Each structure stands twice: as C-alpha cells, then as structure tokens.
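Just follow the structure's listing: the first ligand is 1, and inside any ligand the first atom is 1. FYI, the numbering just counts along the sequence from 1. On a predicted model such as this, the values are computed, not experimentally measured, just so you know. Just so you know, these numbers use all the heavy atoms, side chains as well, and skip hydrogens, waters and symmetry mates.
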Amino acid sequence: TTPAVAPVLRLTSGLLHNSCWSLRRQARKLGVNQRSRQAHAISQIRTEAMASEHALISESAAWEALKKHVKTIEGTHLRELLQDQERCEELIKEYDGVVVDLSRQRVVHETIIKLLKLAEEAKLKEKIDKMFDGEHINVTENRAVLHAALRAPRDEVINCDGQNVVPSVWEVLDKINSFSDQIRSGSWLGATGKPLTDVVAIGIGGSFLGPLFVHTAFQTEPTCALAAKGRRLRFLANVDPIDVARALADLQQETTLVVIVSKTFTTAETMLNARTVRTWITSALGTEAVSKHMVAVSTNLKLVKEFGIDPANAFGFWDWVGGRYSVCSAVGVLPLALQYGFGNVKKFLEGAWSIDDHFRSAPLGRNLPVLLGLMSVWNVSFLGCPARAILPYCQALAKLAPHIQQVSMESNGKGVSIDGVPLPYGTGEVDFGEPGTNGQHSFYQLIHQGRVVPCDFIGIIKSQQSVYLKGEQVSNHDELMCNFFAQADALAFGKTREELLAEKVPEELIPHKMFSGNRQSLSILLPNLTPYTVGQLLALYENRVAVQGWIWGINSFDQWGVELGKSLAGKVRTQMNAARTKGKPLSGFNYSTTTLLTRYLQGKTQ
Ligand code: F6P
C-alpha cells in the first residue's frame, strides 16, 4: 500500500467495521426494512467517507504542523523559556479561584496556537456541545454522557432524548437529603432500635474510587469533620476476604447500615461481597433486618429488588452516567451525605458544576480543562511521554491519583478510533501518583534523572489544618508547600556542570549530580481544600480526560477492554467449582494455567 492510499483504506475498513451496529441502529430509528437499511448504510458510509468526517486526526494538517513544531521546541530549554515573562503571563490562567500554571510545559505561544488549531480540526467545541446537549456520544453503548447534569443547579435545563433530566437528578438528591437526615438524626432506627452510626459502602471501580477520593478529601476538613463526629464510613471493594474482614472490623450489625453500590448490580465481586455482608447482618439480626440495614444504589432497580432490598430503599441513577464518572450521582452522594451531611455534599456538586459551566462556555484558549487536555495530548502524542504523575501536596488528596487512574486510563486507553479504525498512535497515558512530599522519597529520583514524566503538581494555599508548632522557621504546611514550589523548578531548571563546578563537586561525581532539567510539569493552585474545591478539582480532571479523548478521536466513555478478563474468570469459576465438588478434571486451559490452577487446588486440600 502506498502511503497516500493507506489512510483511505484504513478509513473505509473502519467504516465498514463500524457499519454493523451503528448504522443499523440509525436505520432502525428511521423505521426502514432490512434491504433499504443496507442501502442506507452503504450510502451513509459513502457520504461519511467523502466528508472525511471520520478521518484520523493524525492525518490532519494541524497534527502534521505540530509534529514539525517539535523540532522548534527541541531547540528550547525551560531554563530560558521561564525567563520570558510575557510567555509566563500567557500561560498562567485563573478561573473561580483555581490557578493553573502551564509555564513549565514545553510550549511557546506558537505551540498553543497550533494545539488550538488541532482542537478546531478535531471539532472539539462541537463535541463539548454535543455532550451537554445529551447526544448519544457514547456510540458503542448508544448512550448520552451527562455526568455534568448530576451537579447542575435545580433550574438548569439539560435535555436527553427530549426530556430535561435535571428534575429527575434532583428527585434523587432530595431523597438522599431526607434519608441521610433520618439516619444522621437517629430518627431511622435499626432492627434492635438503635441509631445507625456506621456505614459500609460495598462497590468497586467507579462505584468505589470516586467516593473514596472525596471521603479522604473531606475527612480532615473542619466543617466536614465536625459533621462526621461519632460516625464511621468504610468501603468494601475487593472480593478478597481480607478486605471483608478489614471493612467489618469493630463494627456491630445493629448499628451498621450497608450501602450496596453497583451501576449494573451484576459485578461479580460486589455481588459476592453484598451476599457475604447480608449474611453478616442476618446471622445476627434475622432476615427482617435487611430492610432497616441495607440500601442500594444502582441503575438496575429490578435486580436490587430481586436481591431483597426494598425499592423504597434504592437510590437510582441513569445509563448516561458512566461508572467512573458516577461519584456525583447517588454512588458518591449517598455514602458521603450519610457521613458528612447533605449540605457539604451539595457544595461539592456546586464546585464541580462551576468547572462544567466554564468548560461548556469559555473560549477554548481560556478554558482550563481544554488547555489541560491539550497539554496532555502534546506530551503524549508529540513529545513522546506516555506517563503522567499526579502529585498533590496535600495528604487529604491521597486518593486523587487512584481515582484519576480509572477516570483517565479506563476512558482513554483505547486501540481504535470511535469508528473502529485501528489507531496508528497511542492514546491514554499511564497515570500514577502519591502525595508530596512522600512521593519525593519514593519515585522522584526517576522523574528527575531517569525518564521524562510530565507532572501535575497540586498545591493548596490554606491548609485544612492549623499550625501546632510555634517558633519554627516555617509551619508544617509552609514546609510542604516549599517543596511544591521547589520540585517544579528542580525539574524545569535542573543543575548544570558549571553550577556543580562552582560548588566544588569532585569531577567524578559531576555526571551523577547533574540534572538535565527541561522536564515539564504543570501546577494547580487551589485557595483551600473544601467540598467546593474538591468538586472543582474532580471536574477539571473529568473534563480534561474527555478533551484528550475527543482530540484522539476515540470513545472515552466505553470500557470493552475490561470484559475479556471478566469472562475468563467466569470460566475458571465454573471449572474450579466442578473440580472441587465433583472432582472433575480441568480442561480447555493452556499448560501454564492448568499447572498453576492444579497447584492452587491441591494446596487448598492439603
Ligand atoms: O470493571 C470495570 C467496571 O465496569 C467499571 O467501569 C465500573 O466502574 C466497575 O466495573 C463497577 O461496575 P458496577 O458499578 O456496575 O458494579
């Protein structure tokens, strides 16, 4: 295939791949029969191919221009770029108290212009609008993507399939408000007449990581801490019996409320844990106790009922909320409201909405999630950095990186375009992180002198906690923030041979003590860490991930990649059970799996 024909072939084959479900669905909507459906599909493929609407972004002029521009950037060093005040001014942005400093990115004015051109080429603005307009942009699951509606004010109108979804969102929020109030005030009593002071939230993935992130961020915030006095919130995610033991340790059934959180209500680990904890409850309090001690959050209210939970004790959400984007639905709001009161959670939703509103309306050049997303695309696709470190200088944000790992990696780790065309470029990034300064004493060595890993530094101006020690040179929080400022500069400036010579470093140590610098990072500075700013931070990342996916031309809202492992586990489950109960020999596995599985089963009987 000659290079000129390759994109066309790729495009056509992708469209043909794609035609099966997407076009059939569209034709079905038009109410046409099988034959004319086929004709319709073919003509649509032609029209779409002609309009080049589905061409890969890497074939655009804007992408090509950025590739060429890399040469210019390679001729720069952040040491010099940071001397240019005009450039820095252009790259430090602020919205609603959130400061985002992009001046330590390896970009100049021209890079931003070119990235905005790429955004235009990728039809980014239209894609943002389509999301807020409730279009079914998650095409492989035929769903809208409206997690932003979960935090919309009561009077906002967000339509999906011809209906404003905001009233139904608020119906659930009002129900949570009243239920959490009953539990917290003690007007809802357990089976033995005691108030329920402890909550165990059972769920995994998006039904766990977001709520855990927010819980960790709220825990030490004074208003939240006061509201949570005398209450405990635990999470049970892993199917590992160790996690069950850890989650239930020291809890009493008669004072515990269990919240089963599962969008599908079919996730194997969650359902097994739910059955385990139901037995824990009923063995102590009898089966009648379930209605007082167990509630559920799900989109599958039928299965919730079949599980034995009173529909009145179920909190619904909708298929237009992706699992990893569900923390602002009852998934997060219910457990968090039980622990911290609905008022605090409402402020968190308001913070997230502040960024959503900015995201949908601000011009792209001043739009924080857009600029953040473009920086990531630039680093991943043009500067060849496939990893990103998320480094909050705030212990309360300890669970930010694990949450963003799912939001980002499950969304953008894809191999084909939204039309099913295999991608000639990598998408997504490897996210990891730890709060500073702990991370500095762990993996920063690699970031400073080993591989280039773009870093997100997140700092807080006013700590959640006041100062204990007086008379020190700086307070604990100031000390923490000294490191926040220093690390970004250490990465950018590095340390030269000349500087080391001036310090009289022995010649043989100079190569070891040199820092190349020119390692990019960005800094996000929040005024404080309150429910409101936690919401802002969440929405910044969620929307940023969407921007990256839209530029790369992928579907950031499905997750087919998690299915294969799940179904293979089902096969192992069946055979493990048959081997144990009927002594049936294992079959159909490869040599390695058979050997290990046999060893495992033998070990159990010894
Ligand atoms: O395995 C991945 C996943 O499907 C996630 O996308 C989701 O957040 C998680 O499992 C849990 O799913 P559910 O809420 O349906 O139990």
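- Side-chain contact between V562 and E410 is present, with at least one heavy-atom pair separated by less than 4.5 Å.
- Of the protein's non-hydrogen atoms, the one nearest atom 13 (P) of ligand 1 is T267 OG1, 3.2 Å.
- Cation-pi geometry between K571 and F589 is met: under 6.0 angstrom from the ring centre, within 45 degrees of the axis.
- With hydrogens left out, the protein atom closest to atom 7 (C) of ligand 1 is G206 N, 3.9 Å, a heavy atom.
- Between Q559 and ligand 1, no N or O atom pair is found at a separation short of 3.5 Å.
- Under the 4.5 Å side-chain criterion, counting only non-hydrogen atoms from C-beta, I418 is not in contact with F557.
- Classification of the F432-F443 ring pair by plane angle, with boundaries at 30° and 60°, yields perpendicular.
- Of all atoms in ligand 1, numbered sequentially from 1 with element shown, those under 4.0 Å from a heavy atom of Q406 are 5 (C), 6 (O), 8 (O).
- Geometric assessment of K292 against the ring of W188 yields a positive cation-pi assignment under the 6.0 Å and 45° thresholds.
- Proximity to E410 (heavy-atom distance under 4.0 Å) selects the following atoms of ligand 1: 2 (C), 5 (C), 6 (O).
- Under a 4.0 Å N-O distance rule, the pair E306/K302 qualifies as a salt bridge.
- Summary of contacts: the protein heavy atom closest to atom 11 (C) of ligand 1 is I204 O, 3.3 Å.
- Distances between N or O atoms of T270 and those of ligand 1 include no value under 3.5 Å.
- Listed by number with element, the atoms of ligand 1 under 4.0 Å from a non-hydrogen atom of G205 are 8 (O).
- In this structure, the protein non-hydrogen atom closest to atom 15 (O) of ligand 1 is T264 OG1, 2.6 Å.
- With respect to R246 and D243, a salt bridge is recorded, a charged nitrogen being found less than 4.0 Å from a carboxylate O.
- For the residues K566, K263, E269, M271, the heavy atom positioned nearest atom 3 (C) of ligand 1 is part of K566.
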